[in-house]
Amino acid sequence: MTLATTQHITNLLNGAIEVIKTVVPMEYEMGKPQSEIKFEHKDPQQAGVIIGLEKEINGSLLFLASKTFFGECGNQMYGMPFEGEMLDSFIGELGNILAGNIATQLASADITVDITTPRMVNEVSITDAAKLILLPLKFDTEELTIVFAIY
């Protein structure tokens, strides 16, 4: 891994933390980032949205939490409960908002990235990333995990 790649990852992590503080109107405690070799997840009670990163950083972002967390997040942001199809739509849109803002944060550090269309996932397996980092964020009784996969 080159120094530039390490700096890109540092900027990606810092950008994500800054964006969560700005976009999600809920208090949280950040856990310690964890470097992993692979990541596999399958839990029908949880939802995830995965968004690809292209150009100077090739990889993906995965935002993973319970549907309860995403519903509460929507309620805090818009003052109304989200359920069913509205909740699924909100989860995808929140992922898009977060990834778009992270891309903007990276641009301020002169790192150009494009994001792909968000894709909802209920299960995911990442086994081929060159670098895989999990960032757990604890919100009251719920947890949001951001998975950074760099290829």
Under a 4.5 Å side-chain heavy-atom rule over Ile, Leu, Val, Met, Phe, Trp and Tyr, are [X] and [Y] clustered together?
| X | Y | value |
| --- | --- | --- |
| I150 | V124 | no |
| L106 | I9 | yes |
| L98 | M120 | yes |
| I126 | V49 | no |
| I51 | I133 | yes |

* Asked: Are F39 and L64 close enough, and set up right, to give a side chain to side chain contact (heavy atoms under 4.5 Å, CB included), and what steps lead you there?
  -> CA-CA 12 Å; F39 178 79; L64 185 66; 3.8 Å; yes

* More than 12 heavy atoms of other residues, nucleotides or ligands under 6.0 Å from CD of E27: is that the case? -> no

Working to the nearest 0.5 angstrom, can you tell me the gap between [X] [atom1] and [Y] [atom2]?
| X | Y | atom1 | atom2 | result |
| --- | --- | --- | --- | --- |
| N11 | T6 | CG | OG1 | 11.0 Å |
| I146 | L134 | CD1 | CG | 10.0 Å |
| L132 | K38 | CG | NZ | 11.0 Å |
| E123 | D43 | CD | CG | 11.0 Å |
| L135 | L13 | CG | CG | 6.5 Å |

* What do the steps show when you test T127 against E40 for side chain to side chain contact (heavy atoms under 4.5 Å, CB included), and what is the final call? -> CA-CA 8 Å; T127 59; E40 294 183 0; 3.9 Å; yes

* Asked: Which residue, V113, L61, I111, forms the side-chain contact (heavy atoms from CB on, under 4.5 Å) with L12?
  -> L61

Side chain proximity check, [X] to [Y], heavy atoms < 4.5 angstrom:
| X | Y | result |
| --- | --- | --- |
| Y28 | K21 | yes |
| L53 | Y151 | no |
| I20 | L144 | yes |

* Mind checking side chain to side chain donor-acceptor pair (under 3.5 Å) for E36 and listing every partner two or more places apart, or none if nothing turns up? => none

* **Sequence-distant partners of K55, side chain to side chain donor-acceptor pair (under 3.5 Å), two or more places apart** =>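 Side chain to side chain donor-acceptor pair (under 3.5 Å) check on K55 returns D114.
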
* N75 side chain to G71 backbone, donor-acceptor under 3.5 Å ->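 Here the side-chain-to-backbone pair does not exist.
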
Non-hydrogen atoms of [X] and [Y] that approach each other most closely:
| X | Y | answer |
| --- | --- | --- |
| A47 | N122 | CA-OD1, 4.4 Å |
| V24 | C73 | CG1-SG, 3.9 Å |
| S66 | Q46 | N-NE2, 3.8 Å |

* To do: Determine, step by step, whether D140 and M26 satisfy the side chain to side chain contact (heavy atoms under 4.5 Å, CB included) criterion, reporting the C-alpha distance in whole Å, the side-chain angles of both residues, the deciding distance to 0.1 Å, and the verdict.
  => CA-CA 9 Å; D140 195 26; M26 299 161 58; over 6 Å; no

Side chains of residues 82-93: which donor-acceptor partners sit under 3.5 Å, not counting sequence neighbours?
{"unit_1": "D88", "atom_1": "OD1", "unit_2": "K67", "atom_2": "NZ", "d": "3.2"}

* To do: Tell me who clusters with I37, hydrophobic residues only, linked when side chains sit under 4.5 Å apart either directly or through other members.
  => none

* To do: Sorted by first residue and then second, give each side chain to side chain donor-acceptor pair (under 3.5 Å) pair with at least one member in residues 96-112; sequence neighbours left out.
  =>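 Listed by first then second residue: E56-T112.
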
* Any pair with a residue in residues 51-74 that passes ring pair (Phe, Tyr, Trp, His ring centres under 6.0 Å), sequence neighbours left out, goes on the list, sorted by first then second residue, please. =>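 Of all non-adjacent pairs touching residues 51-74, those that pass ring pair (Phe, Tyr, Trp, His ring centres under 6.0 Å) are F69-F139.
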
* For V23 and M77, run side chain to side chain contact (heavy atoms under 4.5 Å, CB included): C-alpha distance rounded to whole Å, both residues' side-chain angles, the deciding distance at 0.1 Å, then the answer. => CA-CA 8 Å; V23 174; M77 290 175 74; 4.0 Å; yes

